Structure formats: C-alpha cells, structure tokens
Amino acid sequence: KMAELESPGVMPKLIAFLSSLLERVAESNDLTRRVTTQSQSVSVFHGLSRPTITIQSYLERIFKYANCSPSCFVVAYVYLDRFTQRQPSLPINSFNVHRLLITSVMVSAKFLDDLYYNNAYYAKVGGISTKEMNLLELDFLFGLGFDLNVKPNTFHAYFSYLQKEMTLVQPLSLVVVPPRSVITFNDEEASHQKQQQQQLAV
C-alpha cells in the first residue's frame with residue numbers, strides 16, 4: 001500500500017479526490033446548519049469568515065511544503081473521521097475545514113515520520129499564527145481523545161476505500177457521502193479506544 005502511494009501520479013489524484021470529498025461534506029453541513037437549528041458548536045477551528053483559498057489549493061499547498069510522507073494524508077483522513085465521530089457537534093464545514101486539515105496533517109506527520117517540521121513552520125504553510133497552530137493541535141488531540149494509533153488494517157481499509165473511489169468512472173457528484181462525517185468504517189478499534197481512555201484516566 002505504501003509503495004502504491006509513492007508511485008507517480010497517485011498523490012495528485014488522492015489530493016484532488018480528498019478535496020472534493022471534503023468540499024461536499026463541508027457544503028452539506030453548511031446547508032444543514034442553515035436549514036435547521038441543529039446545534040453546531042463554534043470551536044477554535046472555526047474561522048470568522050470562509051477562507052478564500054479553495055480546499056484543493058490549500059491541500060496542494062500543504063502537500064507541496066509539508067514534505068511529509070504520502071501516508072500522512074491517509075492517516076490525516078483517518079484522524080478527521082475519528083474527530084468528527086467523537087465530536088458530533090463539530091461537523092466539518094467551510095468555516096473550519098482548512099484549520100482541521102492543516103492540524104490533522106501536522107499531527108499525522110509527527111506521529112508517522114521520523115523527521116518533521118515544527119509548529120511554526122506548519123503555521124506558515126497554513127497561513128495562521130504559531131500561537132493559533134499550538135492551540136489547534138492541543139484541541140485536536142483532546143478532540144481525538146489522544147487516539148493516534150492507526151493499525152495497518154485500518155490504514156488499508158481507508159486507503160482501499162479512497163483508491164476505489166478514485167478509480168470510479170462515474171462523476172464525483174454521484175458518490176454519496178453520509179452527512180456530518182467524512183466516511184465511517186466499521187471501527188474494530190472501539191474497544192482499543194476504551195482501553196486507552198482507561199489508561200489515560202489512570
């Protein structure tokens with residue numbers, strides 16, 4: 001799987017697909033927010049206005065400057081999914097998606113890669129202050145319940161899903177995305193999470 005990610009042409013496709021997926025999730029949640037009084041909390045990830053840069057340009061910028069391994073983007077996607085499952089009142093929308101992205105990639109680079117840039121560098125790439133980057137990282141880690149471990153089979157499940165979706169010939173607009181989350185897999189890690197929480201509590 002890792003080797004497939006390294007092959008030329010795969011990452012641009014993955015970035016494009018992830019961007020369009022996140023765009024649809026954000027738009028769908030923007031709509032939900034407008035038509036219902038459903039409570040959506042405002043968090044440190046929430047910008048006062050929508051960033052003018054598109055999700056795809058932002059993700060391409062992160063990919064270009066972060067120099068992290070391609071696997072980081074799959075793991076960042078796993079983290080975003082976990083975050084939205086654990087924080088149902090913070091669905092991904094167009095006001096928070098950029099900050100969630102830069103934070104999830106940075107956290108996955110720190111977890112996966114031996115060499116990675118510091119928060120100040122990521123803040124520059126993301127167009128935010130170092131102080132804000134530090135806050136976002138802390139909030140993201142707590143939001144994940146510090147559950148950063150991604151087992152190989154979980155990684156493969158997410159990557160296979162992305163691969164399958166990327167090779168579908170049908171227009172992207174036909175891909176159905178469950179509202180309020182990225183994509184949820186049958187997570188066999190629930191018991192593992194519980195154990196970790198108990199350890200943390202101890």
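Note that the numbering runs from 1 along the sequence shown for the chain. Note that the coordinates shown come from a computational prediction; the quantities given were computed from them, not determined experimentally.
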Open item on the list: With rounding to the nearest 0.5 angstrom, report the CG to NE2 distance, L59 to H98.
Closed with: 9.5 Å
Task: Nearest-0.5 Å distance that lies between atom CZ in R61 and atom CD1 in I53 - done: 6.5 Å
Task: Nearest-0.5 Å distance, NZ of residue K64 to CE of residue M11 - done: 15.0 Å
Task: Y77 (side chain) donor-acceptor with C72 (main chain) under 3.5 angstrom - done: no
TODO: Drop me the distance from D139's CG to Q87's CD, to the nearest 0.5 angstrom.
DONE: 8.5 Å
Task: Side chain to side chain, N93 and N96, heavy atoms closer than 4.5 Å - done: yes
Open item on the list: The test is side chain to side chain contact (heavy atoms under 4.5 Å, CB included); show your working for F83 and S104 and say whether it passes.
Closed with: CA-CA 10 Å; F83 186 86; S104 61; over 6 Å; no
Task: Heavy-atom side-chain contact between L100 and L22 under 4.5 Å - done: no
Open item on the list: I'd like to know if the side chain of R86 reaches the main chain of L144, judged simply by a donor and an acceptor atom lying under 3.5 Å from each other, with no hydrogens or angles considered.
Closed with: yes
Open item on the list: Test your reading of the model: is there a side-chain donor-acceptor pair from N118 to the backbone of Y121, 3.5 Å cut-off?
Closed with: yes
Open item on the list: I'd like to check I62 versus Y58 (side-chain heavy atoms, cut-off strictly below 4.5 Å). Are they in contact?
Closed with: yes
Open item on the list: Assigning hydrophobic clusters by single linkage (Ile, Leu, Val, Met, Phe, Trp, Tyr; side-chain heavy-atom cutoff under 4.5 Å), is V107 placed with Y116?
Closed with: no
Task: Contact summary for Q56 and A16, nearest pair of heavy atoms - done: NE2-CB, 3.7 Å
- [ ] Search all heavy atoms of S57 against all heavy atoms of T54 and return the closest pair with its distance.
- [x] OG-OG1, 2.8 Å
Task: Output field: ring centroids F142/F146 closer than 6.0 Å - done: yes
- [ ] Check whether any side-chain heavy atom of Y117 sits under 4.5 Å from a side-chain heavy atom of N67, and report yes or no.
- [x] yes
- [ ] Side-chain contact test, heavy atoms from C-beta onward, threshold under 4.5 Å: evaluate it for C68 versus F73 and give yes or no.
- [x] yes
- [ ] Grab the two heavy atoms, one from N29 and one from P91, that are nearest each other, plus how far apart they are.
- [x] ND2-CB, 3.6 Å
Open item on the list: Going by side chain to side chain contact (heavy atoms under 4.5 Å, CB included), L141 matches just one of D147, L136, T103, L148. Which one?
Closed with: L148
Task: F111 atom CZ, over 12 foreign heavy atoms within 6.0 Å - done: yes
Open item on the list: Quick check for you: to the nearest 0.5 Å, what is the distance between L90 atom CG and T84 atom OG1?
Closed with: 10.0 Å
- [ ] Using the rule that two of Ile, Leu, Val, Met, Phe, Trp, Tyr join whenever any of their side-chain heavy atoms come within less than 4.5 Å, decide whether L135 and V97 are in one cluster.
- [x] no
Task: Pair K110, N119: side-chain N/O donor-acceptor within cut-off below 3.5 Å - done: yes
- [ ] Could you check if a side-chain atom of V150 sits within less than 4.5 angstrom of a side-chain atom of V74, using non-hydrogen atoms only?
- [x] no
Task: Sub-4.5 Å side-chain heavy-atom contact between Q163 and L14 - done: no
Open item on the list: Run R82 and Y79 through side chain to side chain contact (heavy atoms under 4.5 Å, CB included) and show every step you take.
Closed with: CA-CA 5 Å; R82 283 182 187 170; Y79 288 169; 4.3 Å; yes
Open item on the list: Could you measure the distance from the CZ atom of R99 to the CE atom of M133? Nearest 0.5 Å is fine.
Closed with: 10.0 Å
- [ ] Taking all non-hydrogen atoms of both residues into account, name the closest pair between A66 and Y122 and its distance.
- [x] CB-OH, 3.6 Å
TODO: For the residue pair V75 and Y158, establish whether any side-chain heavy-atom pair is separated by less than 4.5 Å.
DONE: no
